[in-house]
Amino acid sequence: MTLKDQLASGEPQYGLWMGLANPYSAEICAGSGADWVLIDGEHAPNTLTTVLGQVQSARGVVEVVARTPDRDPTPIKQYLDLGVRNLLVPGVETSQQAAEVVAATRYPPAGNRGVASTLNRAAGFGRHTDYLRTAHESICLFVQIESAAGLESVKEIAQVQGIDGVFVGTGDLAASLGHLGNPRHPQVREALGHVLETVQGVGGHFGLYASSPADSREWAMKGAALVAVGSDVGVLQRGTRQLFQQVRGDAIRTGW
C-alpha cells in the first residue's frame, strides 16, 4: 500500500523522523510500528548514499518519506531516482514555487525531471518498462510551509495540481512569527489551525511534527493526516539519559 493509499483511508498516519543517517538504525525504526518514517536530507548529515541505504533498509516494511535539502530540482530528481516516492520539500512560500516543485517530479512534457531510466533504481534499472509513463501516479508530494509568507499563501499553495498536502515546519514558523524556540506559542497554534482548515477546505492533507504523543493525538482528532510523533535522535537522547538517571539520579554527566 502506498502512502497515497494510506492517506486516502482517512485515518491519521503516524510517523517517525530519522536523523541518525544510518541504515542500521533506519531498519530498527522501520519495524517500530510507525505508518511512515522520514529521512531528513535538510538538517541531518545525509548524503545520497546514506539516503539510499535507509531506503533499502526500510523496503517492504514501512512507507518512506524523504525531506529534500531544499527546493532545488536536482536533489528532488536524485531522491526519486533512488526509489523514494514520497517527498517533503521545505521552504515553499508561493504557489509558483509549489508549481516548480511539482514540475521537478514530472517527466516532460508535464515537467522537467531528467530521464535516465536505465540508471534509475526506481525504474528497476530499466526493467520496469512503463515507469516513465506511470511514475507520477505513485508520487506523494508534500510541501513544507515554514514562514509567515508561506502562511499567507497557504490556500494558493495547497491548490496547486500535484501537491498532495501541506506540512508545517513548526519550529521555523514560530521563529518567523517572532517566537523562536516556542512552537507552542498561542499564535503558532492558531496558525497551525488556520493551515489545517485551509488545506482541508481545498481537499488536501495537513501534516505537522507534533510536540508530544498527546499533541499528536490532539492534532489527529482535529483532522491532521500526516503526524510525526518523534525522532530517532530524540528517542535515543531521552532513553540514554533516563537510563543513567536511574543509576545516578540527577547527578549525571551529559558531556555538553
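Computed over heavy atoms, backbone and side chain alike; hydrogens, waters and symmetry mates excluded.
Of the possible donor and acceptor atoms, none in the side chain of Ser153 sits under 3.5 Å from a partner among the backbone N and O of Glu156. Remark: the backbone N or O of Pro23 is paired with a side-chain donor or acceptor of Ser57 at under 3.5 angstrom. Although no hydrogens or angles enter the test, the distance criterion places no donor-acceptor pair under 3.5 Å between the side chain of Ser176 and the main chain of Asp172. Checking side-chain atoms of Gln97 against main-chain N and O of Glu93 turns up a donor-acceptor pair under 3.5 Å.
A heavy-atom distance below 4.5 Å is found between the side chains of Tyr209 and Ser231. Side-chain contact check for Arg106 versus Asn112: every heavy-atom pair is 4.5 Å or farther apart. Using a 4.5 Å heavy-atom cutoff, the side chains of Arg121 and Gln56 are in contact. Trp219 places a side-chain heavy atom less than 4.5 Å from the side chain of Phe206. Using a 4.5 Å cut-off on side-chain heavy atoms (C-beta onward), Pro213 and Val229 make no contact. Thr118 places none of its side-chain heavy atoms less than 4.5 Å from the side chain of Phe125. No side-chain heavy atom of Gln78 sits under 4.5 Å from any side-chain heavy atom of Leu82. Side-chain contact between Asp215 and Arg184 is present, with heavy atoms from C-beta onward closer than 4.5 Å.
Residues meeting the side chain to side chain contact (heavy atoms under 4.5 Å, CB included) test with Thr240, sequence neighbours left out: Leu236. Partners of Gln187 by side chain to side chain contact (heavy atoms under 4.5 Å, CB included), not counting sequence neighbours, listed by chain and number: Leu177, His179, His185. Among residues two or more places apart in sequence or in another chain, the side chain to side chain contact (heavy atoms under 4.5 Å, CB included) test is passed with Gln242 by Arg238, Gln245. Evaluation of the side chain to side chain donor-acceptor pair (under 3.5 Å) rule for Asp81 yields Arg113, Asn120 as partners, not counting sequence neighbours. Residues meeting the side chain to side chain donor-acceptor pair (under 3.5 Å) test with Gln200, sequence neighbours left out: none.
Residues Ala191 and Leu173 approach most closely at CB-CD2, 4.1 Å, considering heavy atoms. For Ala210 against Val227, the heavy-atom pair with the smallest separation is CB-CG1, 4.2 Å. When all heavy atoms of Glu146 and Pro90 are compared, the closest pair comes out as OE1-CB, 3.4 Å. Heavy-atom minimum distance, Ile139 versus Lys4: O-CE, 2.6 Å. Between Cys140 and Asp164 the shortest heavy-atom distance is CA-OD2, 3.3 Å. Scanning all heavy atoms of the two residues, the minimum distance from Ala224 to Leu196 falls at N-CD1, 3.9 Å.
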Might you work through the side-chain contact (heavy atoms from CB on, under 4.5 Å) test for Thr198 and Val195, ending with a clear yes or no?
CA-CA 5 Å; Thr198 302; Val195 175; 5.7 Å; no

For Val92 and Ile145, run side-chain contact (heavy atoms from CB on, under 4.5 Å): C-alpha distance rounded to whole Å, both residues' side-chain angles, the deciding distance at 0.1 Å, then the answer.
CA-CA 6 Å; Val92 173; Ile145 287 179; 5.5 Å; no

I'd like to know whether Thr68 forms a side-chain contact (heavy atoms from CB on, under 4.5 Å) with Tyr79, so could you lay out the CA-CA distance, the side-chain angles of the two residues, the decisive distance to 0.1 Å, and finally the verdict.
CA-CA 8 Å; Thr68 57; Tyr79 280 26; 3.8 Å; yes

Give the C-alpha distance, both sets of side-chain angles, the deciding distance and a yes or no for side-chain contact (heavy atoms from CB on, under 4.5 Å) between Val37 and Val65.
CA-CA 6 Å; Val37 294; Val65 182; over 6 Å; no

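Judged by distance alone, the side chains of Gln54 and Asn46 do bring a donor and an acceptor atom under 3.5 Å apart. A donor and an acceptor atom, one from each side chain of Glu100 and Gln96, are located under 3.5 Å apart. For the residue pair Arg85/Ser138, the side-chain donor-acceptor check at 3.5 Å is not satisfied.
Applying the side chain to side chain donor-acceptor pair (under 3.5 Å) test to pairs two or more places apart or on separate chains, those with a residue in residues 8-26 are Gln6-Gln13, Trp17-Asp40.
Taken from CD in Glu152 to CD1 in Ile157, the straight-line distance is 10.5 Å, to the nearest 0.5 Å. Rounding to the nearest 0.5 Å places NZ of Lys222 at 8.5 Å from CG of Leu192. For the atom pair CG (Leu226) and CZ (Phe142), the distance works out to 4.5 Å, reported to the nearest 0.5 Å. With values rounded to the nearest 0.5 angstrom, Glu137 atom CD is found 11.0 Å from Thr2 atom OG1. Here Glu197 contributes atom CD and Lys155 contributes atom NZ; the two are 12.5 Å apart, rounded to the nearest 0.5 Å. Residue Leu243 holds its CG atom at 9.5 Å from CZ of Arg248, rounded to the nearest 0.5 Å.
Ion pairing between Lys77 and Asp72 fails under the 4.0 Å rule for side-chain N and carboxylate O. Salt bridge annotation for Arg189-Glu218: present, with a cationic side-chain nitrogen under 4.0 angstrom from a carboxylate oxygen.
In terms of hydrophobic clustering, with Ile, Leu, Val, Met, Phe, Trp and Tyr side chains grouped at heavy-atom distances under 4.5 Å, Ile163 and Leu80 are assigned to a common cluster. Using a 4.5 Å cut-off between side-chain heavy atoms of Ile, Leu, Val, Met, Phe, Trp and Tyr, with links allowed through other members, Val143 and Leu88 fall into different hydrophobic clusters. Following chains of ILVMFWY side-chain contacts shorter than 4.5 Å, one cannot reach Leu7 starting from Val102, and the two form parts of different hydrophobic clusters. Cluster membership check: Ile39 does not share its hydrophobic cluster with Leu3, using side-chain heavy-atom separations under 4.5 Å among Ile, Leu, Val, Met, Phe, Trp and Tyr. Both Val199 and Val101 are members of a single hydrophobic cluster when ILVMFWY side chains are connected at heavy-atom separations under 4.5 Å.
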